[in-house]
Every structure is written in structure tokens, then in C-alpha cells.
Amino acid sequence: MATTLVIDPITRIEGHGKVVVELDDNHNVTDAKLHVVEFRGYERFIQGHPYWEAPVLMQRICGICFVSHHLAGAKALDDLIGVGPASGTALTPTALKMRRLGHYAQMLQSHVTAYFYLVVPEMLFGIDAAPEQRNFIGLIEANPELVKRVVRLRKWGQEVIETVFGKRMHGISSVPGGVNKSLTAADVRRFLEGDEGLPSVDQVIEDAQLGLQMFYDFHDKHRSEVDGFAVVPTLNMCLVNDEGDVDYYDGRLKVVDDRKEVVQEFDYRDYLDHFSEGIEKWSYMKFPYLTALGRDAGSVRVGPLARMNVTRSLPTPMAAEALERFHAYTGGRANNMTLHTNWARTIEIIHAAEVVRDLLNDPDIQRDDLVVSPGADAWVGEGVGVVEAPRGSLLHHYRADREGNITFANLIVATTQNNQVLNRTVRSVAEEYLAGQAVITEGMMNAIEVGIRAYDPCLSCATHALGQMPLTVTVLDRKGRVLDERVR
């Protein structure tokens, strides 16, 4: 008897979604989809607001990656008023480095949260472990010393974010043409040397290496399960600098294939010339793809795994060494193993900590030259900003009239870019774990969620919610009759 398996909602992600898996009479998977079932509409909310409100207002899409939205919006406004690389008028070194400092601090604390709070419990206890154990509370009980170091690491990143952006959440420091504050000598000394309740930067870098070693240890014991879980080939995309290596704040968008050969590389301000967006009746989230290649061949992966596939090197020593091992594992080809996203994420934790340390030691972040004013005739009225958010490439695009009111806004967030590969991952896991199975098990449900969580998706951002998030899985026959149901 043909059945439909529904996982609604998916747990331990940001936002609301569900998975529907269709099985034939022999319980073979015939289809599997990730449905995004919430809608937010920030692209419409912002219209009519003064343009300078965009970085402060649009970041409220999310309480997780708000720094990325704040900075992408600020970069778009730089363009809009005629300041920044597109106009030939650069931000001051202080403004640029302050933005980068906050950006890498968010990369650190966001990746630490995703990895240790959401991924490590599965690594430690297993996919099949009871839900009441397979969580951060279970991790506290099993390894309290590890958790103390993780909480300390995350807190340090949050403290840097608050100091740079003026608030712990939804900051206010980035303004059109620059920033409204720099750091004091006392701020810098506090983060470099530590104080009561806050580690030094050297302790932070030591703690940042925990995740990588945990991945190595887990991988050594479970190599076949990790490597064989949802191997999903696709294109990889991220921002790159003039040397073609990843730049998390600025650069050009570069897309590479499985052989790491360049498919396209272009100015992100020209994204409309390169990307189209598909839609489906069953999801509020769009499906971006490279227009020239079509929807299937032209969809891209973004985020930690994509960035490590695209970049040839990293500019900080410990992360660069870890990246060499990552590249060697696949013999120089792109890594398409979904769970190796966690490997890439741990490399980026180390890289972010090293970059933050270097920026804290840079005297420019204590200077007072904060804002560049555009010339009298510099107004453009349109701007695009892209940054590499923890989850991948994030784009903000605004237009404003001569009175300064926003008339158009478009966002393409990382989870949207990953929509196609996410759905392929769901199907891959469903085919591996559900084929021939007639009875719902906890491990079966969680395996699909593990595949989704590897991308650390943010569905609130992607659909532009609040509420409880239980998980209900229902098996129906093709007439819609309930055959089995489980709730957790």
C-alpha cells in the first residue's frame, strides 16, 4: 500500500518547515520534498521606509544571523548613496575593519552554536539515541567540562558583537558610508587579555580547535557512515578576493564545479544577469539557479562546505593547515559529502578566531575616522550588498527614490540558495533510510533532520515565526487514512 510520510515541523532549525516523503506499494521512495511553510514578507515591509533604516530593520528577520543582514544592508546602502568600491570611494580603514571584526565574531559564535548545540549531540550519542538524551542538556550531563569551554567560547564571540555593534542583538553601528563607533583601548585589552568571566583571545583560539579535533575523532570511528551519508554533487559558490580565495565580507561571486573549475565569476551587483528563481506551489521558498545552466544543472551550494571547496587557501595559519587536510581528503576535487559540512564549519571556527585576534591587534580599529560622506552628485538610488553569512552567500538589493524612501527590496539568503541541494539531500537520506521500511522509527525520522541540520538552515530568513515546535510524523495511505502517527 502506497504511503506518505510527513515530518512536521523539522526540529532544531531556525524557522518552520516540514518534510513529505512519498512511498510506493513496496515502500520505495518515489519523491521527497522539504516544504517551507512560513511566510514573513520583509521585502514588502521595508518599502516606504527611509533608506537608512534598512540595516537596522531588515536584520530583525532573524535573531541568529542578524549581523550578516545588518552588514549586507549597510553595504547595499553604501552603493546606494555613492560610497564604496563601485563608486571608487572607499570606506575608511577603521570602518571597514570594524565591520569585518563584528562579522567574524558572528561567524565564530554562530558556528559554535550550530556545531556544538545542534550537531555534536548526534555525534556523541548517535542518530538513534532517545531525543531526551540527544540534545545539549544530554551533552552537559555527559561532558560538563567541554560544555563550559563551548559556552565560554560562544560568550566571548557575543561580547565582541555587542561591543562592535552597540547591542548584543540587532546592532546599530553600521551607517551609510561607515560606522558610528570604534573600539577603545580598554575594549581591545579586555578581549585580548580577558577579564573576570571572559577568556583571553589565546584561550579562545585554543577552544576554537575543539570542534575540529572532535570531528577528526568521530570521523576516524565512523568513516563509512559519515562519508556515505547524502553525497550530493552540485556547484559551489562564495565570495572571493582578487586571488580567487574566499573573502567573507567583499569580493566577486565565484562558482566552481566538481573539478573545482570556474563555471562563472561575476560582480555580485550583476546578480540579476546571472540568476533566475524558480517557484513551487508547495513551498514559500524560491529556488535560485544560474540562468545559463537551467534549474537542475545551475543550482548551487553555499555555506561552509561550498566555501572550503571554492577557496584554495586561508590567510590564517591554523585554519590554512586544516584546509590542506580537507582538500587532500578528496584528492583536489570538490567535497560533496553532506556531513563534511561539519568539518568545514570547524575550520571556519578556527579561522574566525584567528582573524578576530589579528583585527584586535590592528591599531586602525581604535581610530576616529569612521564615515565617508558622498559627493553632492554621488547619489545612485540603487545598491546591492553581499556578505558570506555563516550559512552562505547573503544578498540585499535596495532601490530608493530621491526623497530617500525605499521603493524596492530583494533578498536572496543562503538557505534559499541551498534550497535545491537541501531537497536533494532530503531525498538522498530518505532513499537510504526509508526504502523498504513500513514502520516509523526515531532514527528514521532523525536521519532526515540530520541531513537538513548539516546546512544549519534559517527558514525565517529564507521566507522573509514564533511558536512551539513539536515533531509530528504521520503515515497516510493514498486515500488519506492515517496508518501510523508519532509525536515528540
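Computed from heavy atoms alone, side chains included, the values below leave out hydrogens, waters and symmetry copies.
Using modelled atom types, no side-chain atom of H103 and backbone atom of V387 make a donor-acceptor pair closer than 3.5 Å. Looking at T163, its side chain does come within 3.5 Å of a backbone N or O of E159 through a donor-acceptor pair. The backbone N or O of N241 sits nowhere less than 3.5 Å from a side-chain atom of K254 that would complete a donor-acceptor pair. Judged by distance alone, the side chain of Q109 and the main-chain N or O of A105 form no donor-acceptor pair under 3.5 Å. Side-chain atoms of N423 come within 3.5 Å of backbone atoms of N419 as a donor-acceptor pair (strictly under, hydrogens ignored). With hydrogens and angles ignored, the 3.5 Å screen pairs a side-chain donor or acceptor of E43 with a backbone N or O of L411. Of the possible donor and acceptor atoms, one in the side chain of N135 sits under 3.5 Å from a partner among the backbone N and O of E132. Checked by atom type and distance alone, the side chain of E348 never pairs as donor or acceptor with a backbone atom of R345 at under 3.5 Å.
Looking at every heavy atom in both residues, V421 comes nearest to T234 through CG2-CG2, 4.0 Å. For the pair R391 and S110, the tightest heavy-atom approach, listed with the atom from each and the gap, is NH1-OG, 4.2 Å. Between L339 and A454, the closest heavy-atom pair is CD2-CB, 4.4 Å. Closest heavy-atom contact between A114 and D456: CB-OD2, 3.4 Å. Of all heavy-atom pairs between G451 and T425, the closest is O-CG2, 3.9 Å.
Looking at E388 and S393, their side chains do bring a donor and an acceptor atom within 3.5 Å of each other. A donor atom on one side chain and an acceptor atom on the other are found under 3.5 Å apart for S299 and R424. A donor atom on one side chain and an acceptor atom on the other are found under 3.5 Å apart for N236 and N309. For the residue pair Q366/D187, the side-chain donor-acceptor check at 3.5 Å is not satisfied. Side chains of D245 and S313: a donor-acceptor N/O pair is present below 3.5 angstrom, by distance only.
Counted within 6.0 Å of CD on E321, heavy atoms from surrounding residues, nucleotides or ligands total 12 or fewer; the atom is thus considered open.
In this pair, F326 and W343 present their aromatic rings perpendicular. The plane angle is above 60°, beyond the 30 to 60° band.
Between F165 and V67 there is a side-chain heavy-atom pair separated by less than 4.5 Å. The side-chain heavy atoms of L360 and L183, taken from C-beta on, include a pair separated by under 4.5 Å. In this structure, the side chains of V151 and W156 stay at 4.5 Å or more apart for every pair of heavy atoms.
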Going by atom type alone, with no hydrogens or angles, which donor-acceptor pairs under 3.5 Å involve a side-chain atom of residues 210-220 and a protein atom two or more places apart or on another chain?
from: Q213; atom 1: NE2; to: D217; atom 2: OD1; distance (Å): 2.9
from: H219; atom 1: NE2; to: D227; atom 2: OD1; distance (Å): 2.7
from: H219; atom 1: NE2; to: Y329; atom 2: OH; distance (Å): 3.4
from: D220; atom 1: OD1; to: R223; atom 2: NH2; distance (Å): 2.8

